[in-house]
Amino acid sequence: MTRTIYYTASTLDGFIATPEHSLDWLLTRDIDNTGPMNYDEFIAKVGAIAMGASTYAWVEEHAPGGWEYTMPAWVFAHRDFPPRTDGADVTFTSEAVPQVHARMVAAAAGKDVWIVGGGDLAGQFADHGLLDEMIVSYAPVTIGAGAPLLPRHVEFRLEEVARNREFACARFEVVRDGE
Ligand SMILES: NC(=O)c1ccc[n+]([C@@H]2O[C@H](COP(=O)([O-])OP(=O)(O)OC[C@H]3O[C@@H](n4cnc5c(N)ncnc54)[C@H](OP(=O)(O)O)[C@@H]3O)[C@@H](O)[C@H]2O)c1
């Protein structure tokens, strides 16, 4: 059954990027790509992804080999981005989150849905009761300010913790009302 998962890396003080959208605090760190909660294992189970406009802009600017995602993607934005010419399955949208989510679940065909970020977008899915899980790899650094991990009150249940080299990795289940 499809699960909707916010999978991300964070600083210890709960930021996923600096105020200038830099990930330098993250990208230089040691991680075992076959270790606990690694990306390759996670992405293999993902059938659709969603991200916000800043995250998309970051990926466009920094992805060395171009768009790497093979599954359908939805980018939430009001601003205009140039149409893609590389055939990537990317839909720009400002439709309501539940409608887009329903399309994502259908496209995922039993695989999981990944909310790439940012934090507020993940929060919008949580607002609608559509977020199931959050997996965070915490880097051993604080940066004082930046793009927030999840700027909401959401209750979680800790399901799993593990060390992956420099990272403290944790998997949380969203606790829904009445649970
Ligand atoms: N540490 C990590 O692993 C990780 C993971 C993901 C992202 N990041 C980074 O974290 C930063 C996140 O940036 P961010 O906090 O600004 O979040 P974001 O979600 O990437 O971008 C926010 C923008 O998305 C658009 N948006 C959000 N919800 C929308 C909706 N319901 N409908 C239409 N548009 C919507 C709006 O764009 P408009 O201005 O066009 O309205 C909004 O300003 C980025 O720098 C990204 O690279 C880091």
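In this text the structure is predicted, and so the values were computed from the model without any measurement. Quick note: numbers below take in every heavy atom, side chains included, and nothing from hydrogens, waters or symmetry partners. Both counts, for ligands and for their atoms, begin at 1 and track the order of listing.
- Atoms of ligand 1 found under 4.0 Å from any heavy atom of Ala9 (numbered from 1 in listed order, with element): 1 (N), 2 (C), 3 (O).
- Residue pairs meeting the ring-ring contact (aromatic ring centres under 6.0 Å, His included) criterion with at least one member in residues 131-179, sequence neighbours excluded: Phe156-Phe172.
- Interface atoms of ligand 1 facing Trp58, defined by a heavy-atom separation under 4.0 Å, are 47 (O).
- Considering backbone and side-chain N/O of Ala147, none are found under 3.5 Å from N/O of ligand 1.
- Considering backbone and side-chain atoms together, Ile16 places an N or O closer than 3.5 Å to an N or O of ligand 1.
- Nearest to atom 26 (N) of ligand 1 among the protein's heavy atoms is Phe76 O, 3.6 Å.
- For Asn38 (side chain) and Glu41 (main-chain N/O), a donor-acceptor pair under 3.5 Å exists by modelled atom type.
- Looking from atom 4 (C) of ligand 1 to the surrounding protein, the closest heavy atom is Thr8 OG1, 3.6 Å.
- In the candidate list Thr55, Leu23, Asp120, Thr55 is nearest to atom 12 (C) of ligand 1, counting heavy atoms.
- The two residues Gly144 and Phe15 make their nearest non-hydrogen contact at C-CE1, 3.6 Å.
- Looking at atom 22 (C) of ligand 1, its nearest protein heavy atom turns out to be Ser54 OG, 3.7 Å.
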Next item on the list: In sequence, state the C-alpha distance, the side-chain angles, and the governing distance for Arg157 and Glu133, and then conclude on salt bridge (charged side-chain N to carboxylate O under 4.0 Å, His left out).
Entry: CA-CA 9 Å; Arg157 186 170 58 244; Glu133 190 175 324; over 6 Å; no

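- For atom 9 (C) of ligand 1, the closest heavy atom belonging to the protein is Ala17 CB, 3.7 Å.
- The stretch residues 32-60 participates, sequence neighbours left out, in these ring-ring contact (aromatic ring centres under 6.0 Å, His included) pairs: Tyr7-Phe42, Tyr39-Trp114, Phe42-Trp114, Tyr56-Trp67, Tyr56-Phe81, Tyr56-Phe92, Trp58-His62.
- Put simply, the side chain of Arg176 gets close to the backbone of Gly129: a donor and an acceptor are under 3.5 Å apart.
- For ligand 1, the polar-atom distance check finds no N/O of Val97 at less than 3.5 Å from any of the ligand's N/O atoms.
- The number of heavy atoms from other shown groups lying within 6.0 Å of CZ (Arg163) does not exceed 12.
- When only non-hydrogen protein atoms are considered, atom 27 (C) of ligand 1 lies nearest to Gln124 NE2, 3.9 Å.
- For atom 19 (O) of ligand 1, the closest non-hydrogen atom of the protein is Gly118 N, 2.9 Å.
- With Glu20, His21, His78 as candidates, the residue nearest to atom 44 (C) of ligand 1 on a non-hydrogen basis is His21.
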Check: Between Lys111 and Val46, is a side chain to side chain contact (heavy atoms under 4.5 Å, CB included) present by the stated rule, with each step listed?
Finding: CA-CA 5 Å; Lys111 292 179 105 179; Val46 169; 6.0 Å; no

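- Close approach of ligand 1 to Val116 (heavy-atom distance below 4.0 Å) involves ligand atoms 5 (C), 6 (C).
- The distance criterion of under 3.5 Å between nitrogen or oxygen atoms is not met by Ser10 with respect to ligand 1.
- Annotation: side chain of Tyr6 is not in contact with side chain of Leu121 (no heavy-atom distance under 4.5 Å).
- With respect to atom 24 (O) of ligand 1, the closest heavy atom belonging to the protein is Ala53 N, 3.0 Å.
- Judged by distance alone, with hydrogens and angles left aside, the side-chain atoms of Arg152 form no donor-acceptor pair with the main-chain N or O of Val154 at under 3.5 Å.
- Between Thr4 and Leu130, the closest heavy-atom pair is CB-O, 3.1 Å.
- On a distance-only criterion, Arg79 and ligand 1 share at least one N/O pair closer than 3.5 Å.
- In terms of protein heavy-atom proximity, atom 34 (N) of ligand 1 is nearest to Ala77 N, 3.2 Å.
- Formation of a donor-acceptor pair under 3.5 Å by the Asn164 side chain with backbone atoms of Pro36 is found in this model.
- For ligand 1 and Gly117, the ligand atoms under 4.0 Å from any heavy atom of the residue are 19 (O).
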